[in-house]
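Below is one structure; the comments refer to it alone.
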Amino acid sequence: QVQLVETGGGLMQSGGSLRLSCKASGGTFSIYFMGWFRQAPGKEREFVAGISENGGNIRYGDSVKGRFAISRDNLVNTVYLHMNTLKPEDTASYYCAATRFGTTRLNAYNVWGQGTQVTVSS
């Protein structure tokens, strides 16, 4: 199965933009539905965005709709999370994950990256 590595996190001011990348290796990336999740201290991990194998089906969590966009490039085995109009409440560790099922359910994802920290200051 694939291994996943996230990059692109950092410290941003409120209202700014950031792009996260998740590079897959060691497997066939294009067969996986890919998701982004986040977890803030003391909170449960929540679904942020997901994209189907060919990019034709995209889903977003309610808290990021209209601000975040997910995309993927199967030629370079990478999924992206474009984050705009960042808010302090977007501060969290962001994880990409892979599943063979097109779902937002966390427990259906069996491959996870190590996470990348995003901190948004007010």
- When you look at Y60 and I70, which way does the side-chain contact (heavy atoms from CB on, under 4.5 Å) test go after all the steps? CA-CA 8 Å; Y60 294 102; I70 188 171; 3.7 Å; yes

- Query: Is the shortest side-chain N to carboxylate O distance from D90 to K87 below 4.0 Å?
  - Reply: no

- Task: Run the numbers on S25 and Q3 for side-chain contact (heavy atoms from CB on, under 4.5 Å), then give the verdict.
- Result: CA-CA 5 Å; S25 62; Q3 292 85 49; 4.0 Å; yes

Taking salt bridge (charged side-chain N to carboxylate O under 4.0 Å, His left out) as the cut-off, I'd like each qualifying pair that reaches into [range], sequence neighbours left out, listed once.
{"range": "residues 2-27", "result": "none"}
{"range": "residues 109-122", "result": "none"}
{"range": "residues 70-84", "result": "none"}

- Item | Intermediate values then yes/no, side-chain contact (heavy atoms from CB on, under 4.5 Å), F47 and R105 | CA-CA 8 Å; F47 173 79; R105 292 188 299 110; over 6 Å; no

Hey, is the main chain of [Y] close enough, under 3.5 Å, to the side chain of [X] for a donor-acceptor pair?
{"X": "Y109", "Y": "T103", "answer": "yes"}
{"X": "T99", "Y": "F101", "answer": "yes"}
{"X": "R59", "Y": "V48", "answer": "no"}

State, to 0.1 Å, how close [X] and [Y] come at their nearest heavy-atom pair, and which atoms those are.
{"X": "S122", "Y": "S14", "result": "CA-CB, 4.2 Å"}
{"X": "L4", "Y": "A24", "result": "CD2-CB, 3.7 Å"}
{"X": "T78", "Y": "S21", "result": "CG2-CB, 4.2 Å"}

- Item | N84: partners by side chain to side chain contact (heavy atoms under 4.5 Å, CB included), with sequence neighbours left out | S17

- Partners passing side chain to side chain contact (heavy atoms under 4.5 Å, CB included) against T85 (at least two apart in sequence or in another chain): R67

- Message: I need the Q39 CD to L106 CG distance, nearest 0.5 Å.
- Response: 8.5 Å

- Could you state the interatomic distance from CG (N57) to OG (S52), rounded to the nearest 0.5 Å? 5.0 Å

What I'd like to find out is whether the side chain of [X] reaches to under 4.5 Å of the side chain of [Y], using heavy atoms alone.
{"X": "V79", "Y": "W36", "value": "yes"}
{"X": "F29", "Y": "M34", "value": "yes"}
{"X": "M12", "Y": "V118", "value": "no"}
{"X": "Y32", "Y": "V2", "value": "yes"}

- Task: Give a yes or no on whether M83 and I58 share a hydrophobic cluster (residues Ile, Leu, Val, Met, Phe, Trp, Tyr; joining criterion: side-chain heavy atoms under 4.5 Å apart).
- Result: yes

- Would Y80 end up clustered with V64 when hydrophobic side chains under 4.5 Å apart are linked, directly or stepwise? no

- Pick out which of Q114, Q117, R38, R45 makes a side chain to side chain donor-acceptor pair (under 3.5 Å) with S93. Q117

- Query: So, do F37 and W112 have ring centers that fall under 6.0 Å from each other?
  - Reply: yes

- Task: Tell me, please, which residues at least two apart from F68 pass ring-ring contact (aromatic ring centres under 6.0 Å, His included).
- Result: none

- Just do the side-chain contact (heavy atoms from CB on, under 4.5 Å) check on I51 and F33 with the steps written out, would you? CA-CA 6 Å; I51 187 168; F33 186 99; 5.8 Å; no

